[in-house]
Structure formats: C-alpha cells, structure tokens
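What follows is one structure encoded as structure tokens, with my remarks underneath.
Counting starts at 1 for both ligands and their atoms, following the listed order. Below, all heavy atoms of this structure are taken into account, side chains as well, without hydrogens, waters or symmetry copies.
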Amino acid sequence: MTRESPPCRPQDLGKFEIVNRDGAARIGKIHTNHGILTTPALLPVVNPNILTIEPREMWDNFAFKALITNSYVIWKHEKLRKQALEQGVHELLNFPGVIMTDSGTFQSYVYGDVEVGIEEIVEFQRDIGVDIGTMLDVFGRPDMTREEIEDAVDITAVRAIASLRAAGEKLLLNGPIQGGIHQDLRAESASRMAASEAGGKRFSVHPIGGIVPLMETQRYSDLFSAVLSSMSMLPPDRPVHIFGCGHPMLFPLCIALGADLFDSAAYALFAKDGRILSEEGTHRIESAVEWPVSSRYLEDYTPMEVRQMDKKTRTAVLARHNLEVTQRELSRCREAIRNGSIWNLAERRSHASPYLRKAFKEIMAIIKEDSKSPPGLRLSSIIFSTDPVRPSSEPFGEDISERPHIIHAGTLLEKRWRLPGSWWDGSTGPPSNVVILHGSQPPWRTAYGSTVSEILQHEPKTALFVNTPLGIIPYSLEDLSPWCRVEGSDDSVLVDPNSAESYIRLDRIGLQDTPLEYRTASDNEGMMKSEIKTWLDRCSTVDRLAVLCGVKPSDGCRITDGMNVRHSKTGRPVNILLGERHLFSPRLNDGGLSLALEGAKALHSLVNVQPPLGFSSGNESHLRTHPGIARVTIHSDAVPFVGAGRNVMHGFVIGADEWVTVGQPCLIVDENGSLVAHGNSNSTMLEMSVQRKGVAVRVRDGVLT
Ligand code: GUN
C-alpha cells in the first residue's frame, strides 16, 4: 500500500501539540506512524467481522483519519489473527490512516472474563502494526461497590507497567482511567496512570473508561463529573479520549471540558435499529414522513423509501447519514474552538435533552465554585486558561454569566480594577459622586460620549460606570470585550441597572455612601474638552494594564505620565506614545492592549524580582492582586532566535509566572531576567511545563530586531 498517510518525524512520535484553544477545549495534533491526527476527532468503531461501512470508504468519503477496532476480536479469530500478523492491521482493514485498537476489556464487561494475557494482548497489538493500542484495564461498572472499584483502579495501575514494557518503541499506548462514579477514585486513577512509566515509556493517550453504562442510562452528570475529575489530574500534554462516547449532542460539552478523542459504534448500532443521529438527539424513522435532520445520504430518499429497503441496505444508508452528522458536529466544534465559542455551542446543545440540561447546569456550578481555588489543577484551569478578551460577539442567554471566559474576565475586573487616583482637572481624592450610564446598546462611547463630557465638565470627580448585560463596568473599559460584545434585543440586554449581578460592587469599592445617579444618553452633541479626552485615554490605558496585565495602577500611571495619543479617524486611540516612543496599541476589535517594544521595556523596568525559574503553582501567587506583567523565561539556546522575533517553542521554556494568561501580553526573559522579546501567550504555565511541541508564546517583537 502506498503511504497515503506519511509517518510523523521519528522524534515526534506520540507527541501531542496544541495548535488552537478555547479554555480547556483544544485543537491538537497527535503525531503517529500513520499521519498526524487533528483533534477533536471521533474514531468510528470497526468490527472486523461485520463491516457496516468499509474502512476505505470512511477514509475516502468521510475524511476519517483514524478508526478504532478490537485487537481481542482479531486475536480470537484464527483467520483474522493470521492475516493481521502476516499483512499488518492496516492491510487487513484496508485503511491507510491511524488505527487504534482496544484490548478486550469491553468484552470482559459484556461477556465476563477474556482468555488473553496482559502482556500478550499488548504484544499482539505491537506485532500487527497498530498505531495506538490499549492495555487490558479493568472495567469499573457504576453498580460495583467502592471496594470493587478500588480494586479495578489498583489492578489497572499495576498492569500499566507490564503493558508499557510490552509495547516496545513504536506502539503508542492508551492508559485508561477507571473509578466508576467515585470522583476521588477517578482522580487517583488519572494520577497513577499519568505517572506510570517503564523504561522511559509513558502512556500517549488517556481514555476515560467505564462510562458506557452511564451513557446508556443518560446519567450525564456522572459522565461529565468523571471527565472533570480525571482531567483534574492529567497533564495537559496527554490527549484525553472518552471510551464509547459517540453521540454528537455530547461532543461540545465533553470538548469544552477538555476531551480530544471519541469513539463509537453508535453510528452502526443506531442504524441497525432504524434510528438516525442529529446534534440534538436521536430520531426513529419508523413513522417519519419527512426527515427531521438531513444529509447527502438521505436527501435522495423519503423515510418511507428507506423503510422499504432490505435491512442491509437500509442500515448502510442510515449509518452513512450517522457518520456524516457526526463529522459535521465535530467540524462545528473545532470551528467553535477557533472562534472562542465552544461554551456557547455546549450551552445550545444542552437543551437537547432534560438530562443533558440538568447535567450541564450541575457541571457549570462545579466549575464556578472551583474558580475560587488556585489554578494549579487542570479543573480550575477551565476558567483560568480562557482568553478573557475575544473579538467575536456572543449572544446574550440564560447561562451567559457562567461562561468560563466571562467568569475569568469578571474575576480579573473585580480583583484588579481601581478607582482613579486623580481626576482630569488635577484634583485628587475619592469621587464626590457616582454615575451609572444605562439604556443604550454599544458602542457606548458613541452613545454616552456627550453625556460623559457634560458630567465630567460639571463635576470632574465623578466615578463613571456603564451598565452592561453582565453588570456594571468602569466607563474607561467601555470598549473591552466580553462586555461590549454581548448581542441581544433591547429588551434582553438593556437590563435594569439595579438588578444586575455585577463583578464591580459599589459597596466593595467603598462607594456605598457616595451620591449615586443613573443617567441615560443625552441628545446634545457637545465637543469633549481635550483635557478630559486625554485623561480618559490615560485611564483606559492604566486600567487595561491593571486588569489584563496585572500591572499596579500606580506603576501604570508612572509609565504613562506625559503620554500622548494618536487617534483613528473615528476618534479612537490607536497608538499610545511617550514622545517618539511607541508604548502600546489599543486593539480596536476586542478592546485588549498590544504592547510595542518600548512598552515592553517600560513594563520590564517595573519588575524587580528574579525571573521565574521553574513552574511553581498552587502558592497562591495568582491571588496577588497586581503581580506585575507575567514573564516567561527561556533557555539560553533559544535567546538568539526569540530575540530576533521568532516564536517561543515548547521545550525551550524553563520557567513561567503562574498568572501568564492565554492570549494576553507577557515578557520573555533570559535566565538573568534580561528582556529578550514580548508576545502573547499561547499557553498556561502548566502547559509550558510539560508540552514539548508547538508554540508557547507568539512573539511580537524581539529586542534584537
Ligand atoms: N470501551 C468502552 N469502555 C471501555 C473501558 O472502560 N475500557 C476499555 N479498554 N475499552 C472500553
């Protein structure tokens, strides 16, 4: 067979690279001997004895780059075993892509014991040329006692070592996580399987096992809790697979929680049973007059015509439809990761079933609660690994305030924003009144600009806030997303400023006794005094440095003292300068702040502690209000490249601040703390500590350029 799917570079075998992400959801690449597999992906289950759809057709017509089959079934059937050993599994199945195999554990769950040995089944997978094999784990059923589940976890972990040893160099291995519905045992299993090692070999993928009975009985809360608990202990460089999960309506939430791979026989099993899949559920065709969901495989027939087909043809037509719908939903999920809307999609899909909706709500509550604990664990990283600022707009909805990036942005605002220390007329001290602007849709600078001008002209010491659908925010951040990017009709988003839950609470910032006034947009079109405009521009810059980069407001004031601004034709600040030195560029599409090299140098001059060497987490440093701009320390070998403007690659990072934030600015320094470059982080600290492939920081400028 010609290699239609060329092997990865030998040194990359088994590596998992993250190329795009939305919080814990990621688009990754798994490097294998039969190509580089893009995730999230579903591997259709192929039973070598019953090929409902030929694997070759899956490759040619459905773009499946990987499938999963069962090595135990091949091993058990004399003819298949002989053929596989002689020709290899790729020839046996006529599939050029990545082949993953399972080990017989599921058969032992369905039929009782299997006869194969622990090492024997791994060696067999190795000998038939499998890309990613699976060890013989012990299936933990939800109805087992805690003691039985403890045994399943323990025996699986003990077997891991012999299995890794038997795999040899080329066979990548799945290390399944068991634990039933006991979340502590799931976490223990994940931690032991992740740490398992034999002769330098570790597991390449971690499937979450024992969940099929949870899905069959729609116990989705237990399913998602198992995913959350397992994820909390897995290092981010290991792809996570959900064994036996193949219903498209479950993909978005599983992916939002960090799942990378799925496998399922659902496309064939449901087809056999006369059922078709959609991203919103399952539909029986027995009494359908029209298709509730369509695909290129159904559009030529009516449901009646399909019902009249012989069983084999009907099953094949429905299975093809099911595969297409599955692939379509995965494309949608990957695109949602790229444009930062995976939680929005998960939220939409959660309405597919009352069980799913309930589970979604419960999982949101767990994640929200967890945001109060340090982000050392993967679980809380669901919130803290999101880029809080994003250019795309998002629809207002019932669950909006629970989307992780909104919680993240709100937490940063709550912790890091401060009232201005001085006012446009040079006066200092606390504000003498508070005004909340309300009643208009964004852009708020257009709606409220003249009102703001009037108010400040009349009383310079006014603390100005804008009412948004997500609570009040300082007027200085009026064009910052997510607040300015929430879309909805007037009656949904123009909420009563008194009723909104808010990350800024006037009592928490000492303004409970300051006179408060609510104002709507005025019709006047007066010019804003230039001193007021200059002061507002400076507040905007200092506040963005504080909220997004962790810079102390007093430091922000210091480095922007005497700043001047170049405005766009529409009056928005585009360059922040200090004389001729270009410090920052406010980002017009999302309200974030880009550093220029001079700005990076100015922020670097504020840092007077040793550069981070190593990756310490859990010391609560992220809870310090203004820890300063995050730094990433790189190996001396990388300094000439990064200094010349090349990206920081994983493997060259030797330390990072815990509060480095995905998508936001950071400084890149050498071991002595000298500035090498600046850029936007592509990763969390935890990822920088373990990833060995891909971009850690996207560099904007190197100091040597
Ligand atoms: N397929 C579905 N569930 C499981 C599991 O827990 N372990 C293995 N090896 N395969 C599975």
Contacts under 3.5 angstrom, residues 191-199 side chains, donor-acceptor by atom type, not counting sequence neighbours:
unit_1	atom_1	unit_2	atom_2	d
Arg192	NH1	Asp154	OD1	3.0
Arg192	NH1	Glu188	OE2	3.3
Arg192	NH2	Asp154	OD1	2.9
Ser196	OG	Arg192	O	2.8
Glu197	OE1	Arg202	NH2	3.3
Glu197	OE2	Gly200	N	3.2

- [ ] Let me know which of Asp102, Asp137, Val205, Ile68 forms a side-chain contact (heavy atoms from CB on, under 4.5 Å) with Asn174.
- [x] Val205
Does the distance from a Lys or Arg side-chain N to an Asp or Glu carboxylate O, for [X] and [Y], drop under 4.0 Å?
{"X": "Arg332", "Y": "Glu279", "value": "yes"}
{"X": "Arg26", "Y": "Asp260", "value": "yes"}
{"X": "Lys82", "Y": "Glu78", "value": "no"}

TODO: Assess Arg403 against Trp343: is NZ or CZ under 6.0 Å from the centre of the six-membered ring, and within 45 degrees of the ring's axis?
DONE: no
Open item on the list: So if I only count non-hydrogen atoms and take anything under 4.0 Å from ligand 1, which residues does that give, chain by chain?
Closed with: Asp102, Ser103, Thr105, Phe106, Thr134, Asp137, Phe139, Gln178, Gly209, Gly210, Val212, Phe243
